[in-house]
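Scroll down for the structure; my scribbles are underneath it.
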Amino acid sequence: MISRRTFTTAVGLGLGATALPTDASAATPTTTVPSIAPGAHTGFTDLKRVRAGVLDIGYAELGPKHGPVVVLLHGWPYDIHSFVDVAPLLADAGHRVIVPYLRGHGTTAFLSPTTPRNAQQSAIALDIVALMDALRIRQAVLAGFDWGSRTADIIAALWPERVRALVSVSGYLITDVASQRNPLPPKAEHTWWYQYYFATDRGRVAMETRQNRHDLCRLVWDEVSPTWDFDDATFERTAAAFENPDYAAIVIHNYRWRLGLADGERRYDPYEQRLAARPAIAVPTIALDPALDPFLASTDGSGYRRFFTGPYEHRVLPGIGHNAPQEAPAAFAQAVLDAERLAVRQ
């Protein structure tokens with residue numbers, strides 16, 4: 001396994017994009033990303049915070065201030081360190097790179113104790129739109145995996161004017177809550193064991209208990225990235241983000257909401273209704289399928305190809321598991337640069 005202006009401004013369908021300054025119109029011609037071993041970097045040096053919508057969002061920033069913008073979005077149970085090697089590669093290529101902690105993770109905090117700890121898909125997507133507004137970013141390349149892919153897909157589908165290009169691991173991940181009520185084949189259900197665990201009070205208590213939470217997330221890392229030889233220090237750097245006081249509530253709500261077991265907020269209903277129609281994504285896109293990701297039924301992309309109607313490429317990452325950017329940083333960074341090339345050609 002989504003930082004500002006007022007909520008009304010952040011979620012307005014018009015978004016006032018024309019009032020924001022224009023970013024650099026294009027990146028330099030696509031270059032070949034240098035080879036880099038996973039774990040070459042261990043952290044970010046420029047960590048910032050900004051009020052955006054209902055959040056105070058913590059994020060890392062690298063690269064030239066006026067370079068074309070890339071926003072990198074992590075999943076669960078991960079954090080910004082999934083991009084610790086990707087971000088410097090993109091910054092070296094001349095990009096301004098923004099890597100936010102999603103709500104409930106790391107230094108991202110709710111501005112009000114009364115705001116529902118809601119992790120439905122449109123709420124997380126609107127967090128990122130609000131972050132872009134707060135940083136006066138009119139348009140960016142969005143790239144992510146897991147929750148991050150879903151978030152980027154939603155923004156590309158509903159607000160394509162904000163997305164220069166898209167890199168989406170596992171392709172089209174917009175959740176269809178109605179279809180989630182139908183059982184998957186038993187092997188697939190087994191892979192999603194924690195989703196059903198979180199539907200119980202036992203799973204909720206486990207996520208609220210520090211050691212159980214730590215060990216559960218570590219187990220997921222081991223299961224979904226079978227060939228990634230990460231060390232304890234790598235996991236612990238990310239596990240620090242799980243100490244956010246809202247972490248358990250956000251994770252539990254996300255998985256329960258997906259299964260139709262928890263309500264969302266009425267203010268997000270218009271967005272969820274549009275997403276339920278399975279909107280197409282027309283922005284230039286590169287879809288990545290990690291060959292060893294246990295959540296993929298196949299790696300040829302055929303199951304979701306129809307949802308991408310613009311310039312498009314599909315790539316398989318051989319020998320790579322679920323945490324694609326941290327396991328294969330050069331390939332992920334190259335996909336970002338190449339997605340921007342698709343945008344230039346459009």
Side-chain angles (χ1 to χ4, degrees), residues 1-2 74-79 82 102-105 116-125 144-151 153-154 169-226 228 235 238-239 241-244 246-265 268 272 275-276 278 289-290 292-299 303-304 321-324:
M1 32 213 244
I2 203 219
H74 69 80
W76 182 87
Y78 306 98
D79 80 329
S82 288
L102 299 186
R103 57 170 56 192
H105 293 72
R117 274 34 179 178
N118 174 2
Q120 69 185 103
Q121 60 184 354
S122 60
I124 297 174
F145 76 107
D146 197 87
W147 290 20
S149 287
R150 180 173 298 107
T151 301
D153 288 352
I154 291 168
V169 175
S170 306
Y172 192 90
L173 289 186
I174 295 174
T175 298
D176 180 356
V177 176
S179 71
Q180 289 279 86
R181 296 187 174 94
N182 299 320
L184 298 170
K187 185 176 181 180
E189 296 279 24
H190 179 268
T191 302
W192 284 99
W193 63 269
Y194 55 84
Q195 179 171 243
Y196 309 113
Y197 186 42
F198 294 159
T200 70
D201 282 341
R202 188 180 183 93
R204 175 186 57 78
V205 172
M207 285 303 291
E208 292 172 347
T209 307
R210 188 177 189 276
Q211 191 61 52
N212 286 341
R213 177 175 64 241
H214 175 280
D215 293 350
L216 185 151
C217 292
R218 175 63 185 254
L219 176 60
V220 172
W221 275 41
D222 290 335
E223 289 187 343
V224 303
S225 296
W228 182 28
F235 176 76
T238 286
F242 308 159
E243 298 305 303
N244 186 301
D246 297 309
Y247 185 77
I250 289 298
V251 172
I252 294 298
H253 185 267
N254 180 280
Y255 287 101
R256 290 184 177 183
W257 178 86
R258 289 196 217 178
L259 294 177
L261 301 176
D263 292 333
E265 292 178 76
Y268 297 113
E272 297 298 346
L275 295 172
R278 312 291 277 166
D289 280 342
L292 300 183
D293 189 339
F295 300 112
L296 293 174
S298 66
T299 58
Y304 55 73
H322 188 68
N323 187 4

Q. Hey, do the aromatic rings of Y255 and Y196 have their centres closer than 6.0 Å?
A. no
Q | Donor-acceptor pair between Q120 and E272 side chains, under 3.5 angstrom | A | yes
Q. Are the side chain of R256 and the backbone N or O of T200 linked by a donor-acceptor pair below 3.5 Å?
A. yes
Q) Within 45° of the ring axis of F242 and under 6.0 Å from its six-membered ring centre, is that where the NZ or CZ of R213 lies? A) no
(Q) Donor-acceptor pair, distance only, cut-off 3.5 Å: does the side chain of N254 make one with the backbone of A119? (A) yes
Q. Could you give the distance from CG (L292) to OG (S225), rounded to the nearest 0.5 Å?
A. 9.0 Å
**Q.** Reported CD1-to-CG distance for the pair I250 and N244, which is rounded to 0.5 angstrom
**A.** 8.5 Å
Q) Atom CG in L259, atom CZ in R181: separation rounded to 0.5 Å? A) 9.5 Å
Q.
A quick test of your reading: do over 12 heavy atoms of other residues, nucleotides or ligands sit less than 6.0 Å from CZ of R278?
A. yes
Q.
Donor-acceptor pair, distance only, cut-off 3.5 Å: does the side chain of E189 make one with the backbone of L184?
A. yes
Q. Looking at C217 and Y247, what are the two nearest heavy atoms and their distance?
A. SG-OH, 3.9 Å
Q) Short question: side chain of H74, backbone of L102 - any donor-acceptor pair under 3.5 Å? A) yes
Q. If every non-hydrogen atom of S122 is compared with every non-hydrogen atom of I154, which pair is closest and at what distance?
A. N-CD1, 4.5 Å
Q) Does any N or O in the side chain of H105 come within less than 3.5 Å of the main-chain N or O of R103, such that one atom is a donor and the other an acceptor? A) yes
Q | Atom pair OH/CZ of Y78 and F145 - distance to nearest 0.5 Å | A | 6.0 Å
Q | Residue pair D176 / Q180, side-chain donor-acceptor N/O under 3.5 Å | A | no
Q) Considering only heavy atoms from C-beta outward, does the side chain of V251 approach that of Y194 to under 4.5 Å? A) no
Q | Salt-bridge criterion met for R150 and D153 (N-O under 4.0 Å) | A | no
Q: Report yes if some heavy atom in the side chain of N118 is under 4.5 Å from a heavy atom in the side chain of Y268; otherwise report no.
A: yes
Q) Taking atom types as modelled and ignoring hydrogens, do the side chains of N323 and S82 form a donor-acceptor contact shorter than 3.5 angstrom? A) yes
Q: Please report the shortest heavy-atom distance between S170 and D293, naming the atom on each side.
A: OG-OD2, 3.9 Å
Q: Report the C-alpha separation of D215 and R218 in whole Å, then their side-chain angles, then the decisive distance to 0.1 Å, and conclude whether the salt bridge (charged side-chain N to carboxylate O under 4.0 Å, His left out) test is met.
A: CA-CA 5 Å; D215 293 350; R218 175 63 185 254; over 6 Å; no
Q. What orientation do W221 and F235 show, parallel under 30°, tilted 30 to 60°, or perpendicular over 60°?
A. perpendicular
Q) Which pair of heavy atoms, one from A206 and one from N212, lies closest together, and at what distance? A) O-CB, 3.4 Å
Q. Do side-chain atoms of Q121 reach the backbone of T175 as a donor and acceptor pair under 3.5 angstrom?
A. yes
Q | Q195 side chain reached by R258 side chain, heavy atoms, under 4.5 Å | A | yes
**Q.** Any side-chain heavy-atom pair of L216 and L219 under 4.5 Å
**A.** no
**Q.** Inter-residue atom distance Y197.OH - M207.CE, 0.5 Å rounding
**A.** 10.0 Å
**Q.** Donor-acceptor pair, side chain of S149 and main chain of L173, under 3.5 angstrom
**A.** no
Q: Fit a plane to each ring of F295 and H322, take the angle between them on a 0 to 90° scale, and name the class: parallel (under 30°), tilted (30 to 60°) or perpendicular (over 60°).
A: perpendicular
(Q) Restricting to non-hydrogen atoms, name the atom on E208 and the atom on A248 that form the minimum distance, rounded to 0.1 Å. (A) CG-CB, 3.8 Å
Q: Report the distance from atom CD1 of I174 to atom CG of L275, rounding to the nearest 0.5 Å.
A: 5.5 Å
Q) How far apart are the closest heavy atoms of R204 and I252, and which atoms are they? A) CA-CD1, 3.8 Å
